[in-house]
Amino acid sequence: MKNTEVNVLAEIKRYVIITLALLMMAFGWTAFLIPNHVLGGGVSGIATLIFYATGISTGMSVFVINAILVLISLKVLGPSFGIKTVYSIIVASVFFYVLQRYITEPMLAGEMPLFVDEKFLSAIIGGGLAGISIGIAFTQGGSTGGTDIVAMMVCKYRNISQGKVILFLDVIIIGCSYFVVESDKIQTIIYGFVTMGICSYCIDLVLTGNKQSVQAFIFTSHPEKVADRIINEMHRGVTVIKGTGWYTKRDGDILMVVTHKRESQQIFRIVKEEDPKAFMTMNMVMGAYGQGFEMIRK
């Protein structure tokens, strides 16, 4: 009963963090990027283009585009999207819609020092807030959907990394601003690329290289419980190694898990909840290939 209450509270905490992160992302767009005609990538960038061209709220566009992508992905990829993804899409759409109704002027409007460009500073702040918030959402198991979904569908049929697909889509989205924005077309594209770079850098900064793979060895008194939770909750394989503690002269099971670095916190959480006295080591691996990781190439 106690473990159930702890799990519920932990899940509520993750949803609260995801919600605050999505609020930060929406604020970065509506307060700094959109009013200054600075474009970014992803579905938010597409929604911003639609807003510039038609005046339709970005929140409405974000919801509709993501809903269409999710429906298509259910047919192509199957029901692989969790409730957190759907929750993130809905909450982000609401935040965009509400904030845009109240924030109608650029947050940095007014007199600026001669050595500070208003749009450039907005691109840095807006891109930074968006990147940090997306990174935080990722660490809690959330997702903003959008071009990530498109990348997953493309990667199912083509041997290309998701990062390259997302980069290609973002370049196209930002480039389309040339046909939508009436003035300063080239400047808008340049600031869009600045925003994209800052956003990507901040995501990596928050995740601290979580795309890398790690190998964990877990020494616990409850190997069955820990192994079952890793398999059921993380869908990662667990290898059981028979070992002997030379100090205690006791035989026991050692759990070996290879996973992405971004999922390492989930392993720590599971081990701590099942056995706070467990001993655990984790180290980086040069590469992980096969099912669930990179494809083995010649």
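Applying the ring pair (Phe, Tyr, Trp, His ring centres under 6.0 Å) test to Y97 and every residue at least two apart in sequence or in another chain returns nothing. By the side chain to side chain donor-acceptor pair (under 3.5 Å) test, S177 pairs with no residue at all, sequence neighbours left out. Among residues two or more places apart in sequence or in another chain, the side chain to side chain contact (heavy atoms under 4.5 Å, CB included) test is passed with K13 by I17. The side chain to side chain donor-acceptor pair (under 3.5 Å) test applied to N232 returns no partner, not counting sequence neighbours. Under the ring pair (Phe, Tyr, Trp, His ring centres under 6.0 Å) criterion, F95 pairs with no residue at all, not counting sequence neighbours. Annotation: ring pair (Phe, Tyr, Trp, His ring centres under 6.0 Å) contacts of F51 (sequence neighbours excluded): none. Residues that satisfy the side chain to side chain contact (heavy atoms under 4.5 Å, CB included) test with Y15, not counting sequence neighbours, are E11, I83, K84, Y87. Residues forming a side chain to side chain contact (heavy atoms under 4.5 Å, CB included) with L33 (at least two apart in sequence, or on another chain): W29, V38, T195. Residues satisfying the ring pair (Phe, Tyr, Trp, His ring centres under 6.0 Å) criterion with Y178, sequence neighbours excluded, are absent altogether. In this structure, the side chain to side chain donor-acceptor pair (under 3.5 Å) partners of T244, at least two apart in sequence or on a different chain, are D251. Checked against side chain to side chain donor-acceptor pair (under 3.5 Å), K242 has the following partners two or more places apart in sequence or in another chain: D253.
Across every non-hydrogen atom of M25 and A92, the tightest pair is CE-CB, 4.0 Å. Annotation for E233 and R269: closest pair OE1-NH2, 3.9 Å, computed over non-hydrogen atoms. Summarising the geometry of V214 relative to H260, their closest heavy-atom pair is CG2-O, 4.2 Å, with the distance given to 0.1 Å. Taking every heavy atom of both residues into account, F96 and S44 meet most closely at CZ-OG, 3.7 Å. Pairing each heavy atom of A47 with each of I65, the nearest pair is N-CD1, 4.5 Å. Here the shortest heavy-atom pairing between F32 and L129 reads CE1-CD1, 3.9 Å.
To the nearest 0.5 Å, atom CD of residue Q215 and atom OG1 of residue T239 are 9.0 Å apart. Separation of atoms OG (S133) and CG (L22) is listed at 7.0 Å; rounding is to 0.5 Å. Considering OG1 of T30 and CD1 of I103, their distance stands at 4.0 Å, rounded to 0.5 Å. In this structure, the separation between OG on S93 and CG on N66 is 6.0 Å, given to the nearest 0.5 Å. The CG atom of L39 lies 9.0 Å from the CD1 atom of I34; values are rounded to the nearest 0.5 Å. With rounding to the nearest 0.5 angstrom, the CE atom of M280 is 11.0 Å from the CZ atom of F217.
Using modelled atom types, no side-chain atom of N36 and backbone atom of K119 make a donor-acceptor pair closer than 3.5 Å. Here the side chain of K249 pairs a donor or acceptor atom with the backbone of W246 at under 3.5 angstrom. In this structure, the side chain of D275 does not engage the main chain of V271 through any donor-acceptor pair within 3.5 Å.
With contacts defined as side-chain heavy-atom distances shorter than 4.5 Å, the pair T19/L23 does not qualify. At least one side-chain heavy atom of I218 sits under 4.5 Å from a side-chain heavy atom of I267. The side-chain heavy atoms of I230 and I270, taken from C-beta on, include a pair separated by under 4.5 Å. In this structure the side chain of C199 reaches within 4.5 angstrom of the side chain of I134, judged on heavy atoms. For the pair P223 and V240, the minimum side-chain heavy-atom distance is 4.5 Å or more. Looking at I125 and I198, their side chains never come closer than 4.5 Å, going by heavy atoms from C-beta outward. Side-chain contact between I231 and R236 is absent, with no heavy-atom pair separated by less than 4.5 Å.
Applying the side-chain hydrogen bond (donor to acceptor under 3.5 Å, both in side chains) rule to pairs touching residues 47-59 yields T58-Q100, sequence neighbours excluded.
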For this session: Apply side chain to side chain contact (heavy atoms under 4.5 Å, CB included) to the pair L69 and V43, showing each step before the final yes or no.
Result: CA-CA 10 Å; L69 289 175; V43 167; 4.1 Å; yes
For this session: Show your reasoning for whether side chain to side chain contact (heavy atoms under 4.5 Å, CB included) applies to V238 and M256.
Result: CA-CA 6 Å; V238 180; M256 191 272 285; over 6 Å; no
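For M234, the CE atom sits in a packed shell: over 12 heavy atoms of surrounding residues, nucleotides or ligands are nearer than 6.0 Å. Around NZ of K272, the count of heavy atoms belonging to other residues, nucleotides or ligands within 6.0 Å does not exceed 12.
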